[in-house]
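See below for the structure under consideration.
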Amino acid sequence: MEKFDKLTGIAAPLPLVNIDTDMIIPKQFLKTIKRTGLGVHLFDEMRYDDDGNEIPDFVLNKPQYRDAEILVTGENFGCGSSREHAPWALNDFGIRCVIAPSYADIFYNNCFKNGILPIALPQEQVETLMRDAEKGANARMDIDLEAQTITTSDGEVITFEIDPFRKHCLLNGLDDIALTLEKAPAIDAFEGRAAAARPWV
Amino acid sequence: MSAKTLYDKIWDAHLVDEAEDGSSLLYIDRHLVHEVTSPQAFEGLRMAGRALRKPENTIAVPDHNVPTTPDRVDGIKNEESRIQVEALDHNARDFGITYYPVSDIRQGIVHIVGPEQGWTLPGMTVVCGDSHTATHGAFGALAHGIGTSEVEHVLATQTLIQQKSKNMKVEITGTLPPGVTAKDITLTVIGRTGTAGGTGHVIEYCGEAIRALSMEGRMTVCNMAIEGGARAGLIAPDEKTYQYVKGRPHAPKGGQWEMAMEWWKTLYSDDDAHWDKEITIRAEDIAPVVTWGTSPEDVLPITGSVPAPDDFEGGKVEAAKRALDYMGLEAGTPLREVEIDTVFIGSCTNGRIEDLRAAAEVLKGKKIKDGLRAMIVPGSGLVRAQAEEEGLADIFIEAGFEWRLAGCSMCLAMNPDQLAPGERCAATSNRNFEGRQGRGGRTHLMSPAMAAAAAVTGRLTDVREMM
Ligand code: SF4
């Protein structure tokens with residue numbers, strides 16, 4: 001997995017609540033058997049019209065946000081289905097960090113498996129960052145995962161919370177499966193106990 | 001020992017390891033797999049040279065992509081869909097997983113097949129790369145959706161790295177009025193708490209009205225726990241649960257059944273257990289409801305009118321504006337005047353036999369409105385067979401419904417069953433997101449009885465007027 005430690009990038013403002021995974025990546029793009037190539041379809045229905053032309057008003061179509069690496073958005077981001085295609089599409093587009101007041105559980109989880117940092121902050125702080133993001137390409141934000149800080153283009157520093165285990169994995173790009181396989185003796189022992197207690201399973 | 005909730009009990013019984021940082025390794029009893037969220041996971045295993053830890057605890061069935069018309073026996077025409085289903089065929093065979101292919105009468109929507117075959121049992125941990133895994137919570141199993149990386153993790157290790165959720169209790173007291181169903185309960189709860197109301201929690205549904213529901217109804221309620229933002233929904237097992245499970249192909253038998261029952265009977269929340277969040281709704285206050293917008297929380301009784309953006313606060317004002325625009329609705333319009341073009345009865349929320357019976361009861365001896373497209377898609381081949389045996393299929397066909405083969409169908413439009421832009425659908429599925437049933441398609445969620453009533457009149461309809 002790709003590491004995430006520091007990021008300096010353009011932040012795109014998307015001030016909508018309840019952005020669901022169908023909006024992030026509509027189901028017609030879930031038929032792939034690969035993890036890559038979904039970036040062009042990110043936010044497909046908001047980004048393109050029925051003839052496949054770009055909708056100029058949509059934030060990621062604006063010249064100043066085409067290279068955005070950070071997304072600032074509304075509460076309950078990523079609600080809906082469990083599709084990991086949502087973080088795959090964000091990642092493939094180049095978004096490495098999302099900032100919102102809250103996330104849907106599964107989406108939040110999926111971000112960490114794909115080297116994306118989802119930051120949850122109180123509403124007022126998200127609004128501050130939203131205003132900063134609205135300044136366009138000059139408004140580069142600094143994200144420092146080790147220090148757990150976001151620095152706005154004006155130099156204001158906002159700190160954020162993150163679970164230590166997830167932070168550790170993201171900073172070091174650790175693969176969960178390898179980590180768990182190290183615990184094989186504990187899994188063996190559990191299966192031994194379970195076979196006696198719940199043999200029908 | 002301190003008092004525990006049902007969730008605490010299942011969690012504790014599956015804890016393999018607890019790390020100092022608070023993350024836990026949880027053992028997974030059942031892993032259900034479908035074609036859309038698994039190819040990358042199997043590919044990952046192959047690339048890393050990893051095997052499945054417990055293929056015998058894993059089952060696979062294609063559902064999302066499969067056409068529901070009889071000609072599907074000739075193969076899937078859409079190439080990408082066909083490749084995905086073929087990938088599942090190969091992966092199931094190569095890795096030795098129990099598989100229900102399209103040609104098998106037991107094929108159907110993964111969340112209907114699991115319980116039907118007795119794979120889902122009380123007290124289990126059940127996962128699937130699909131958010132509606134919450135459905136299995138109806139058995140008192142801890143069941144939730146996972147992403148593809150986690151699918152790979154479970155295939156390789158039979159465990160998941162988890163943080164424990166909080167406990168939330170949703171109590172429905174009293175008795176449901178006539179015409180009000182499990183779907184109305186679950187939509188009303190989401191309307192009340194919002195789509196983020198359960199975030200970070202596992203919900204246990206309890207109370208007299210929940211106990212009174214059949215297993216099918218309980219599955220409908222738990223199915224949409226995810227729309228309420230919860231990690232999972234749970235209902236404590238009882239006599240109805242045991243009766244449903246008993247004799248199913250993969251349910252325990254003989255001495256093991258006795259042993260299982262002994263444990264299952266301990267699966268309830270202790271009286272003085274701690275709840276982080278509690279809500280209570282009187283069943284008498286629940287009406288037949290429909291959604292008007294593009295979020296499952298946009299719920300109103302059928303007797304209501306389309307709201308105005310100003311009725312809301314904060315970010316929801318903008319969202320409501322956008323939703324009304326997308327839905328092509330005018331604030332103030334009575335919901336009962338909203339005309340529809342399509343009716344879809346099916347999905348893992350409402351594709352079980354009881355749902356079809358409820359629809360048939362409304363449709364008996366009636367015809368659907370002229371020009372309407374209406375389809376009934378049973379949740380599994382076995383549900384379909386049973387409905388034919390009970391004579392329900394004849395009622396549907398005579399009323400003018402298309403009688404389809406099992407699959408996800410128009411719940412998500414990944415297969416040929418889709419809405420055209422601007423088409424309006426009365427649907428028994430679980431999501432009304434923009435484009436969910438097809439680009440530009442407009443979805444109103446409701447119960448099977450309400451959808452059947454809408455099929456007859458051609459507009460959103462209060463089923464109580466037809467009873
Ligand atoms: S019926 Fe709909 S919600 Fe259920 S598994 Fe299929 S696509 Fe998902």
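Convention: sequence-line order gives letters A, B, ...; per-chain numbering from 1. Every value quoted in this text rests on a predicted model; they were computed, and no experiment measured them.
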Between A/V201 and the options B/L121, B/T125, B/D29, the side-chain contact (heavy atoms from CB on, under 4.5 Å) test singles out B/D29
The interface call for A/S102 against chain B, heavy-atom contacts under 4.5 Å, is neither
Honestly, the part of A/P26 sitting under 4.5 Å from a heavy atom of chain B is neither
Applying side chain to side chain contact (heavy atoms under 4.5 Å, CB included) to B/S131 and A/I106, what does each step give before you reach the verdict? CA-CA 8 Å; B/S131 51; A/I106 304 176; 4.1 Å; yes
When every non-hydrogen atom of A/T180 is compared with those of B/H153, the smallest separation belongs to OG1-NE2, 2.7 Å
Bottom line for A/H85: the part with an atom under 4.5 Å from chain B's heavy atoms is side chain
- Task: Check the pair B/R53, A/L181 against side chain to side chain contact (heavy atoms under 4.5 Å, CB included), reporting the backbone distance first and the verdict last.
- Result: CA-CA 11 Å; B/R53 186 174 173 101; A/L181 287 174; 6.0 Å; no
When the 4.5 angstrom heavy-atom criterion is applied to B/Q418 and chain A, the contacting part is neither
Fit a plane to each ring of B/W264 and A/W200, take the angle between them on a 0 to 90° scale, and name the class: parallel (under 30°), tilted (30 to 60°) or perpendicular (over 60°). perpendicular
For B/L412 and A/K27 the tightest heavy-atom approach is O-CE, 2.8 Å
Honestly, the part of B/Q437 sitting under 4.5 Å from a heavy atom of chain A is backbone
Comparing B/H64, B/E150, B/E43 against chain A, the one with the most heavy-atom pairs below 4.5 Å turns out to be B/E150
Honestly, the part of A/Q123 sitting under 4.5 Å from a heavy atom of chain B is neither
Under 4.5 Å to a heavy atom of chain A? For B/A13 that would be backbone
For B/Q40 and A/I33, the nearest pair of non-hydrogen atoms, with its separation, is NE2-C, 3.4 Å
Applying a strict 4.5 Å limit to non-hydrogen atoms, the region of A/D175 in contact with chain B is side chain
Turns out that what part of A/A197 lies under 4.5 Å from chain B's heavy atoms comes down to backbone
Below 4.0 angstrom, N of the basic side chain to O of the carboxylate: do B/R431 and A/D20 qualify?
-> no
Honestly, the part of A/T32 sitting under 4.5 Å from a heavy atom of chain B is both
The interface call for A/I187 against chain B, heavy-atom contacts under 4.5 Å, is both
Cut-off 4.5 Å, heavy atoms of chain B, and the answer for A/A104 is neither
If one checks every heavy atom of B/H14 against chain A at 4.5 Å, the contacting part turns out to be both
Over 12 non-hydrogen atoms of neighbours within 6.0 angstrom of CD in B/E56: yes
